[in-house]
Amino acid sequence: MTWNMLELGPEKVYVEQSGQGQVLVCAHGLGGGAWFFGGLGKKLEAGFRTVSMDLPGTGRSWIPNSPFSLRRCADALIQILLLEKAISPGKTICVLGHSMGSIIALQVFAERPDLIDSLIFVGGLPRVTATVYERLSGRAERIRNQGMNGIGTQAAPPLFSKSFLAESPEAVAMFARLLEANEPQSYIEGIHALISADATELVADVTCPSLFLSGTEDQYATPENIRKFSALVKGNTRMRLIEDCGHMPFLERPDSFAKEISKFLDGAPIRDIPT
């Protein structure tokens, strides 16, 4: 895997890339980064080119006094897609959005459908549910008053399955520490951008093949909400639930996650979840 600091218009963005072949460009969710997809890129590198970034205003792409916004993220993603079109001519391009990244993917497809051949939504919805709105609003207020210390420990339990919390405490603790490493103001701005976003009107315009992938224990994008989301899409859709998994399938069930991504990118049939 290689990495670069790329200048994408006004942004200086940290980008990781690995493998060769059809292109998969990944956009992470709130508090995440390119590291969410490092394992996926390694597992897919024999057949696919995986590209991921720290979204502008987050992680290694954070610039002091530069407010986070979904508009900045969408613009940077468009720039990456244009680069991939140039350096990978003739290759198909799939955009994967995790959680908040799903909203960014919807925005980009609405603006530049010519740059995207297929979409993958991982634990994502066009807008957050009322429960998530309240949870994240409370988290933003706590960070404003107390800083990031302890936020990771508070945030982790609803993100993971019960078995993962019990069997992998070291991985959960590592995730919590990485979450707390986010710059506080940028993270607060990310929360407000996410909970105020509504891409519902863009969903019906999705005409490309789409995979809806989530965990059976996802509390942020429940299986029922994912079904409702997928039903609004006009293009060919597939839905796949990973058993005994929460909101972070790339961390909890990396082998199953990579397998489902690979099957979709290869065009192999994926079992539809009964409605």
Is it the case that the side chain of [X] and the backbone of [Y] share a donor-acceptor pair, with hydrogens and angles ignored and the cut-off at 3.5 Å?
X	Y	result
Thr207	Gly235	no
Asn145	Glu141	yes
Glu189	Phe68	yes
Asn182	Tyr187	no
Ser168	Ala171	no
Asp117	Ile93	yes
Asp198	Thr200	yes
Glu252	Gly246	yes
Ser210	Cys208	yes
Glu11	Val13	no

Compare all side-chain heavy atoms of [X] with those of [Y] and state whether any distance is below 4.5 angstrom.
X	Y	result
Val95	Val108	no
Gln22	Leu265	no
Met248	Phe36	yes
Thr131	Glu134	no
Ser214	Ile242	no
Val122	Pro249	yes

> Could you walk me through whether Asp54 and Thr58 pass the side-chain hydrogen bond (donor to acceptor under 3.5 Å, both in side chains) check?
Replying inline: CA-CA 6 Å; Asp54 288 1; Thr58 71; 5.4 Å; no
Would a single hydrophobic cluster contain both [Y] and [X], if residues Ile, Leu, Val, Met, Phe, Trp and Tyr are joined by side-chain heavy-atom contacts under 4.5 Å?
X	Y	answer
Trp62	Ile151	no
Tyr133	Leu194	yes
Trp35	Leu159	yes
Leu251	Leu55	yes
Leu24	Leu82	yes

>> If you apply the rule side-chain contact (heavy atoms from CB on, under 4.5 Å), what do you find for Leu241 with Leu213, and how did you get there?
In response: CA-CA 6 Å; Leu241 298 179; Leu213 184 59; over 6 Å; no
Looking only at heavy atoms, which two atoms of [X] and [Y] are closest? And how far apart?
X	Y	result
Gly29	Ser99	CA-CB, 4.2 Å
Gln219	Val132	O-CG2, 4.3 Å
Leu44	Ser262	CD2-CB, 3.9 Å
Val206	Leu119	CG1-CD1, 3.8 Å
Pro157	Leu165	O-CD1, 3.6 Å
Thr153	Glu180	N-OE2, 3.6 Å

>> To the closest 0.5 Å, what do you measure between CE (Met53) and CG (Leu8)?
In response: 7.5 Å
>> Using 0.5 Å steps for rounding, measure from the SG atom of Cys26 to the CD1 atom of Ile80.
In response: 10.0 Å
Short N-O contact, [X] and [Y], less than 4.0 angstrom:
X	Y	result
Arg71	Asp75	yes
Lys234	Asp205	no
Arg253	Asp244	yes

> Can you list the steps and then say if Ile104 with Leu106 is a side-chain contact (heavy atoms from CB on, under 4.5 Å)?
Replying inline: CA-CA 5 Å; Ile104 297 169; Leu106 285 168; over 6 Å; no
>> For His98 and Phe250, I'd like to know if the aromatic rings sit close, meaning centre-to-centre distance below 6.0 Å.
In response: yes
>> Quick check with a 6.0 Å cut-off and a 45 degree axis cone: is Arg135 positioned over the face of Tyr220's six-membered ring?
In response: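 Arg135 over Tyr220 ring: yes.
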>> Please determine whether side-chain contact (heavy atoms from CB on, under 4.5 Å) holds for the pair Glu45 and Thr50, giving the CA-CA distance in whole Å, both sets of side-chain angles, and the decisive distance to 0.1 Å.
In response: CA-CA 7 Å; Glu45 65 182 359; Thr50 302; over 6 Å; no
> Would Arg238 and Asn236 count as a side-chain contact (heavy atoms from CB on, under 4.5 Å) if you check the C-alpha gap in whole Å, the side-chain angles of each, and the deciding distance to 0.1 Å?
Replying inline: CA-CA 7 Å; Arg238 294 289 185 270; Asn236 181 29; 3.0 Å; yes
> Do Asn4 and Gln17 have side-chain atoms, one donor and one acceptor, less than 3.5 Å apart?
Replying inline: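 Yes - a donor-acceptor pair under 3.5 Å links their side chains.
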>> According to ring pair (Phe, Tyr, Trp, His ring centres under 6.0 Å), does anything in residues 143-166 pair up with another residue at least two apart or in another chain? List the pairs.
In response: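 Passing the test, one end in residues 143-166: Phe160-Phe164, Phe160-Phe175.
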>> Does Arg72 form a side-chain hydrogen bond (donor to acceptor under 3.5 Å, both in side chains) with Ser66? I'd like the steps, not just the answer.
In response: CA-CA 10 Å; Arg72 287 177 63 195; Ser66 184; 3.2 Å; yes
